[in-house]
Amino acid sequence: MEKAAAPGAAPVAVYVDDVVSLAAALGVTVQQLITTPNCNACMDSPPPGFACRTCGATA
């Protein structure tokens, strides 16, 4: 999938089953996997007990 993201590369089909499996393996929801986070520093989820200096989010 990552190789297909290169400029000029042919598009790659990604099946829903693969997205669900990948999300489960990474311990995130499908929604988290397919949406762009608002904060690139903490990815909208700082570690428990910490706060993000960039967006101010707390856990």
Checklist line | Point-to-point distance, once rounded to the nearest 0.5 Å, from SG of Cys52 to CG of Asn40 | finding: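 Rounded to the nearest 0.5 Å, the SG-CG separation comes out at 10.0 Å.
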
Margin query: For Leu33 versus Ala23, what's the shortest heavy-atom pair and its separation?
Written below: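 Scanning both residues completely, I find the closest heavy atoms to be CD2-N, 3.8 Å.
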
Margin query: Please determine whether residues Leu26 and Met43 belong to a single hydrophobic cluster, defined as Ile, Leu, Val, Met, Phe, Trp and Tyr linked transitively by side-chain heavy-atom distances below 4.5 Å.
Written below: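 Shared cluster, no.
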
Checklist line | Hydrophobic cluster membership, Tyr15 vs Val19, 4.5 Å side-chain cutoff | finding: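 Looking at the clustering, Val19 is in a separate group from Tyr15.
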
Check: Under 3.5 Å, side chain of Asp44 to main-chain N/O of Cys39, donor-acceptor pair present?
Finding: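 Checking the backbone N and O of Cys39 against the side chain of Asp44, a donor-acceptor pair under 3.5 Å is found.
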
